[in-house]
Amino acid sequence: MSNEQLTKAYNPAEVEATWYPQWESRGYFKGSADSTKRPYTIVIPPPNVTGMLTLGHVLNNTLQDILIRWKKMQGYETCWVPGTDHAGIATQSKVEAFLRETEGLTRYDLGREDFLERVWEWKQKYGGTIIRQLRCIGTACDWERERFTLDPALSKAVEEVFIRLYEKGYIYKGHRIINWCPKSRTALSDEEVIYKQEKGKLWNYRYALTDGSGYITVATTRPETMLGDTAVAVHPEDERYQALIGKTVTLPFVNREIPIVADDYVEKEFGTGAVKITPAHDPNDYEVGLRHNLPMVNVMNDDGTMNHDATPAFQGLDRYECRKRIVKQLEEMGLLVSIEEHDHQVGYSERGDVPVEPRLSEQWFVKMQELAAPALKAVEDGDIRFHPDRWVKTYRHWMTNIKDWCISRQLWWGHRIPAYYCAGCGECVVARERPGRCPKCSTHEFHQEEDVLDTWFSSWLWPFSVFGWPEKTPDLKHFYATDALVTGPDIIFFWVARMIMAGLEFQEEVPFKDVYFTSIIRDDTGRKLSKSLNNSPDPLEVIETYGADALRFTMIYIAPVGQDIRYSNEKCEIGRNFATKIWNAARFRAAQGPVASDWNDLGDLSAEALRPDDRWILARLSQVVASCTDSLDRFSFHEMTHNLYEFVWNEFCSWYLESAKAVFYDGDEAGKQVTLRIFDHVLATALRLLHPVMPFITEELYHTLGFIPQEDSIMLAAWPQPLSEAELERLGATADLVGKVAAKFALVRAVRNIKSNYNVPVSKKIEVVIVPTSPEGGDFLRLDPVALKAQLTAASVEISLDYQETGPKGVAVSELATAYVPLAGLIDIEAERARLEKQKDEVLAFMDRTRKKLSNENFVKRAPVEVVERERELLREQDDKLSRLEEQLTALQAS
RNA sequence: GGGCGAUUAGCUCAGUUGGUUAGAGCGCUUGCUCGACACGCAAGAGGUCACUGGUUCGAAUCCAGUAUCGCCCACCA
């Protein structure tokens with residue numbers, strides 16, 4: 001596309017469609033284990049295979065892409081492994097819903113094998129969507145390495161891990177209270193339960209003592225579970241109930257005689273101080289049940305309806321319907337004492353969005369304590385760094401209170417647990433293959449465990465399973481441990497913590513060195529983005545409207561550090577306008593002819609050959625290069641985009657480009673060549689700095705302008721380095737020079753202010769007389785008369801130390817000089833006086849503050865010398881300015 | 001109940017280890033079709049940095065407390 005005339009406006013769609021396939025086909029995204037370069041690796045947080053691209057994905061993957069592209073330019077062998085997650089419950093539910101709607105079938109109608117076939121079909125058909133969408137934002141993923149958590153190799157890793165942990169005694173099967181999702185009909189881990197504050201009720205009702213001597217009143221939020229009560233508990237020291245301990249009550253409806261036990265789990269102050277105990281439906285009651293050797297009666301089916309143990313009267317009822325009837329009947333029986341309003345937390349199934357049912361059942365668990373210890377240490381010791389690091393606290397809290405992980409799920413879509421049960425004696429054997437013969441009863445018939453594993457049981461292996469573990473592959477050796485992980489803080493327990501544990505356990509090395517936690521994206525009014533609120537923009541539509549680079553840049557630009565993002569589509573104008581700005585700066589450059597051949601090496605240049613503005617932009621560029629690298633090193637992406645935006649828009653376009661324009665249009669040939677070279681150097685460097693954030697437009701312009709040949713790529717260009725002190729010195733790009741140029745710009749602004757005040761069009765050429773405050777200042781201003789004249793939009797500029805002209809004129813007073821602008825017929829004496837008086841007030845106020853500081857003995861004595869000296873210098877400057885302002889005011893008076 | 005975070009211009013947010021007159025984008029005002037760009041240019045207006053106290057020569061920045069909002073964790077039925 002190079003050497004063509006640039007269109008007037010940037011057309012993102014065309015550029016994106018041109019470059020992405022080329023990058024991919026040229027193999028730029030590939031990471032090779034054979035490389036001698038240092039590796040830089042990222043594994044993508046695998047999105048759900050059924051998912052669609054969201055803005056969350058855009059943010060997350062743009063950040064990873066920035067890291068990968070940046071590190072590639074720094075000379076690393078980068079490898080970004082993409083892939084998807086089979087997402088057990090989510091995917092299975094989705095396909096079940098689809099089958100229900102289209103064919104009226106349930107998974108049970110089809111049976112396990114046929115159902116799984118349908119899920120695979122579904123995955124084949126829709127599973128690639130999010131992967132295709134990811135390409136639209138420009139991600140430099142190594143697509144040949146795309147993995148899926150149910151791939152044979154990854155499934156092998158899952159099985160291997162299960163067996164090793166089992167053999168080590170870390171995995172066990174146990175009868176426990178777990179969180180049950182009645183909608184998905186499966187066990188869940190503690191992390192998959194989200195608690196919602198709800199306005200509920202506290203029902204107080206009484207149980208009759210079996211001996212007929214009275215009643216005991218209990219309080220509950222869940223009356224329906226009374227059918228499974230096997231005791232009533234009171235506090236051992238509760239005087240009210242001392243006489244009742246050891247007696248029994250008779251449970252209504254089921255007529256079970258249950259004991260009153262004493263247990264200090266009971267809070268005397270809450271409710272009536274007496275608690276009904278349902279060991280099979282409450283984790284605390286379960287503990288009480290164990291302590292007192294109580295029977296455990298499960299009264300519900302797996303779908304949340306009441307079972308046969310709930311007596312025929314209630315069997316088959318939904319748990320909430322059952323609650324209503326129980327309450328009603330208790331009332332009719334005169335047992336209901338009172339109903340209180342009661343706010344409490346109700347656990348919901350994250351995926352099913354229905355209240356979970358604590359349920360006693362047989363499940364597989366992982367003992368976590370031993371795994372957690374080294375994982376906590378790795379983060380505490382800084383082997384893994386969190387960004388922002390406050391998440392360490394959250395991590396530490398969870399790790400030090402870690403519970404065993406319930407890993408079995410009563411689903412079909414997932415990794416089936418490699419455990420086999422003997423048909424003869426029921427013996428359970430965990431093995432890589434179906435056992436041939438039972439070691440106990442010699443039976444040959446075994447059936448495999450029906451349960452599958454929690455999806456996270458495969459995700460936690462992702463950083464090494466994608467490289468072929470447990471095989472010791474060259475990829476694994478080269479690319480593990482990975483470098484950075486970019487993910488949301490919401491999965492710190494689900495995923496991040498567990499990956500650290502798995503990495504240390506199975507690879508004996510942390511899985512990554514840095515974890516960057518992204519922001520949560522909200523809409524303009526602060527609400528979380530969600531489908532149901534219909535406030536979740538489709539990133540592909542945004543890309544169509546604004547362009548991928550614009551979306552990427554905007555997301556990073558508006559993402560506050562460690563805070564939530566307030567997003568709206570309109571904000572993408574920031575990125576779009578910025579892209580247009582860059583595009584037009586390049587268009588301007590293209591119009592000046594081909595780029596200088598020696599734009600990249602300034603080694604032969606020295607200060608004398610350069611204008612102050614050239615030296616200034618080189619100094620600024622060098623600072624920006626250094627700060628961008630520093631920002632990325634610290635994962636301060638937002639800071640980097642703000643730096644670049646400011647530099648490109650204001651310093652490069654508004655000041656340098658305008659200054660160069662003067663040279664290009666009115667300068668001599670030799671000067672033109674030098675300025676062209678500096679211009680090209682700065683522009684090319686800026687494009688490289690911008691490339692990780694805005695890959696498409698930078699690649700396009702790098703070619704169109706001719707910085708590299710068509711077959712090359714900005715992706716392969718070296719990341720810019722700041723100039724050394726010696727080089728800056730040689731080029732005259734010193735701090736002193738930067739200060740002088742900044743003062744010159746301030747003078748220019750002051751002159752423009754006069755024009756603006758009198759509504760003189762910017763384009764109107766004026767006469768300007770400049771009286772410098774020092775001879776050196778005058779010399780400095782004379783160094784580049786062409787640019788100065790253009791910047792002032794002046795017909796003529798006279799620099800004189802003694803100017804005596806009288807008559808109506810606008811006056812600009814700056815630190816560097818006083819500038820006079822005779823504007824015959826336009827000057828309003830009163831307006832001019834007001835303008836100068838206002839400036840004078842400002843100067844006086846400032847001087848007042850400074851004098852106060854300097855007259856403070858302690859300040860002069862205790863503040864660093866430089867600070868005090870700076871204050872004195874400022875005071876002198878302002879004092880000078882003040883006297884010049886007063887002079888002008890006096891002159892006005894005279895005229 | 002415990003922990004974390006936020007509070008700076010009308011709105012959304014920057015402000016690194018305390019040190020010039022606290023910045024940006026959007027919005028607002030005024031003027032500009034000047035040979036890259038109206039997705040633009042130029043010049044402006046706008047802030048007692050939530051509150052109270054402390055440390056310090058000096059605090060938006062450090063410390064303590066208060067208020068409001070948000071998030072996470074926790075077995076009071």
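Just the heavy atoms: all of them, side chains too, but no hydrogens, waters or symmetry mates, feed the values below. Protein chains get the first letters and strands the later ones, always in sequence-line order, with residue 1 at the start of each.
- Proximity of the aromatic rings of Tyr348(A) and Tyr195(A) is defined here by a centroid distance below 6.0 angstrom, and this criterion is not met.
- Taking only side-chain nitrogens and oxygens, Trp391(A) never comes nearer than 4.0 Å to OP1 or OP2 of rC73(B).
- Ring centroids of His387(A) and Phe517(A) are separated by 6.0 Å or more, keeping the two rings apart.
- Less than 6.0 angstrom separates the ring centroid of Phe652(A) from the ring centroid of Phe679(A).
- Each of Val748(A) and Glu269(A) lies near RNA chain B, and the nucleotide nearest Val748(A) is the one positioned closer to the 5' end.
- Look at Lys661(A) and you'll find a side-chain N or O under 4.0 angstrom from OP1 or OP2 of rA36(B).
- Taking only side-chain atoms of Lys571(A), from C-beta outward, the nucleotide of rC73(B), rA36(B), rU12(B) with the closest atom is rU12(B).
- Look at CG on Leu854(A): it is 12 Å from C1' on rU20(B), rounded to the nearest Å.
- The base of rU21(B) sits with one of its N or O atoms less than 3.5 Å from a complementary donor or acceptor on the side chain of Gln878(A).
- Listed nucleotides: rG40(B), rA43(B), rA74(B). Nearest to the side chain of Gln345(A): rA74(B).
- Across all strands shown, rG44(B) forms a Watson-Crick or G-U wobble pair, both distances under 3.5 Å, with rC28(B).
- When rounded to the nearest whole Å, the span between CD of Glu646(A) and C1' of rG23(B) equals 10 Å.
- Here the nucleotide nearest the side chain of His638(A), chosen from rA43(B), rA14(B), rG19(B), is rA14(B).
- Ranking rU21(B), rA77(B), rA36(B) by closeness to the Lys853(A) side chain, first place goes to rU21(B).
- Sequence order on RNA chain B of the closest nucleotides to Arg634(A) and Tyr645(A) puts Arg634(A) first from the 5' end.
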Test log, rule side-chain contact (heavy atoms from CB on, under 4.5 Å), inputs Leu844(A) and Leu882(A): CA-CA 8 Å; Leu844(A) 280 174; Leu882(A) 178 68; 3.9 Å; yes
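- Nucleotide rG1(B) holds its C1' atom 12 Å from the CD atom of Glu267(A), rounded to whole Å.
- Remark: Ser654(A) is in phosphate contact with rA42(B), judged by side-chain N or O atoms under 4.0 Å from OP1 or OP2.
- Under the side chain to side chain contact (heavy atoms under 4.5 Å, CB included) rule, Arg206(A) has a single partner from Val249(A), Ile216(A), Leu330(A), Thr217(A), which is Thr217(A).
- A 3.5 Å limit on both hydrogen-bonding distances identifies rG70(B) as the Watson-Crick or G-U partner of rC4(B).
- Here the shortest heavy-atom pairing between Tyr10(A) and Asp549(A) reads OH-OD2, 3.6 Å.
- Enclosure of atom NZ in Lys196(A) by more than 12 non-hydrogen atoms of other residues, nucleotides or ligands within 6.0 angstrom is indicated.
- Taking atom C1' on both rG10(B) and rG3(B), the two are 35 Å apart, rounded to the nearest angstrom.
- The phosphate of rG40(B) (OP1 or OP2) has a side-chain N or O of Asn577(A) nearer than 4.0 angstrom.
- Counting only heavy atoms from C-beta on, Tyr265(A) has its side chain closest to rC75(B) among rC75(B), rC32(B), rG19(B).
- Between Arg862(A) and rC57(B), a side-chain N or O to OP1/OP2 separation shorter than 4.0 Å is present.
- Candidate nucleotides rU21(B), rC75(B), rC37(B) were compared by shortest atom distance to the side chain of Lys403(A), and rC75(B) ranks first.
- Taking the P atom of each, rG53(B) and rA60(B) are spaced 15 Å apart, rounded to whole Å.
- Ring orientation note: the planes of Tyr557(A) and Phe553(A) are close to parallel, at an angle under 30° on the 30°/60° scale.
- Straight-line distance between the C1' atoms of rC13(B) and rU8(B): roughly 9 Å, to the nearest whole Å.
- A salt bridge does not link Asp190(A) to Lys403(A): none of the charged nitrogens lies less than 4.0 Å from a carboxylate oxygen.
- Between rA43(B) and Arg752(A), a contact under 4.0 Å exists linking OP1 or OP2 to a side-chain N or O.
- A stacked arrangement is assigned to Phe846(A) and the six-membered base ring of rU21(B), with a centre-to-centre distance below 5.5 Å and an interplanar angle below 30°.
- Distances were taken from every side-chain heavy atom of Ala863(A) (C-beta onward) to each of rC57(B), rU12(B), rC41(B); the shortest belongs to rC57(B).
- Here Phe270(A) and His342(A) bring their ring centres to under 6.0 angstrom of each other.
- Residue Leu657(A) contributes atom CG, which lies 7 Å from atom C1' of rA36(B) at whole-angstrom precision.
- At the phosphate of rC41(B), OP1 or OP2 sits under 4.0 Å from a side-chain N or O atom of Lys581(A).
- Atom CZ of Arg851(A) and atom P of rG58(B) are 21 Å apart (whole Å).
- A pairwise comparison of heavy atoms in Arg396(A) and Leu376(A) identifies CA-CD1, 3.8 Å as the closest pair.
- Side-chain contact annotation: Thr220(A) with Arg222(A), donor-acceptor N/O pair under 3.5 Å absent.
- For Asn584(A) and rC39(B), the shortest distance from a side-chain N or O to OP1 or OP2 is not below 4.0 Å.
- Residue Asp630(A) contributes atom CG, which lies 9 Å from atom C1' of rU16(B) at whole-angstrom precision.
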Enumerate the protein-to-nucleotides 2-7 of chain B contacts in which both atoms are nitrogen or oxygen and the separation is below 3.5 Å.
| unit_1 | atom_1 | unit_2 | atom_2 | d |
| --- | --- | --- | --- | --- |
| rC4(B) | OP1 | Lys393(A) | NZ | 2.9 |
| rG5(B) | O2' | Gln563(A) | OE1 | 3.3 |
| rG5(B) | O2' | Gln563(A) | NE2 | 3.0 |

Under 3.5 Å, which N/O atoms of the protein pair with N/O atoms of nucleotides 45-49 of chain B?
| unit_1 | atom_1 | unit_2 | atom_2 | d |
| --- | --- | --- | --- | --- |
| rA45(B) | OP1 | Lys838(A) | NZ | 2.9 |

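- Nucleotide rU16(B): unpaired (no Watson-Crick or G-U wobble partner with both distances less than 3.5 Å).
- The separation of rC69(B) from rC76(B), taken at their C1' atoms, amounts to 27 Å, rounded to a whole angstrom.
- Comparing rA77(B), rC57(B), rC37(B) by their nearest atom to the side chain of Thr580(A) picks out rC37(B).
- Between the side chain of Gln791(A) and the base of rA42(B) there is no donor-acceptor pair of N/O atoms closer than 3.5 Å.
- With hydrogens and angles ignored, the 3.5 Å screen pairs a side-chain donor or acceptor of Asn401(A) with a backbone N or O of His397(A).
- Out of rC71(B), rG31(B), rA74(B), the shortest distance to the side chain of Asn759(A) is found at rG31(B).
- Spacing between rC4(B) and rC75(B) at atom C1', rounded to whole Å, works out to 23 Å.
- Pair assignment for rU56(B) gives none, since no Watson-Crick or G-U wobble pairing has each distance under 3.5 Å.
- If you take atom P in rC11(B) and the same atom in rC72(B), they sit 26 Å apart, rounded to whole Å.
- The P atoms of rU61(B) and rU20(B) are separated by 14 Å, rounded to the nearest whole Å.
- rU16(B) and rG35(B) are spaced 43 Å apart, taking the C1' atom of each and rounding to whole Å.
- Aromatic rings of Phe493(A) and Trp398(A) (six-membered ring for Trp) have centroids within the 6.0 Å cut-off, being under it.
- Base pairing of rA36(B): no nucleotide in any strand meets the Watson-Crick or G-U wobble criterion (both distances under 3.5 Å).
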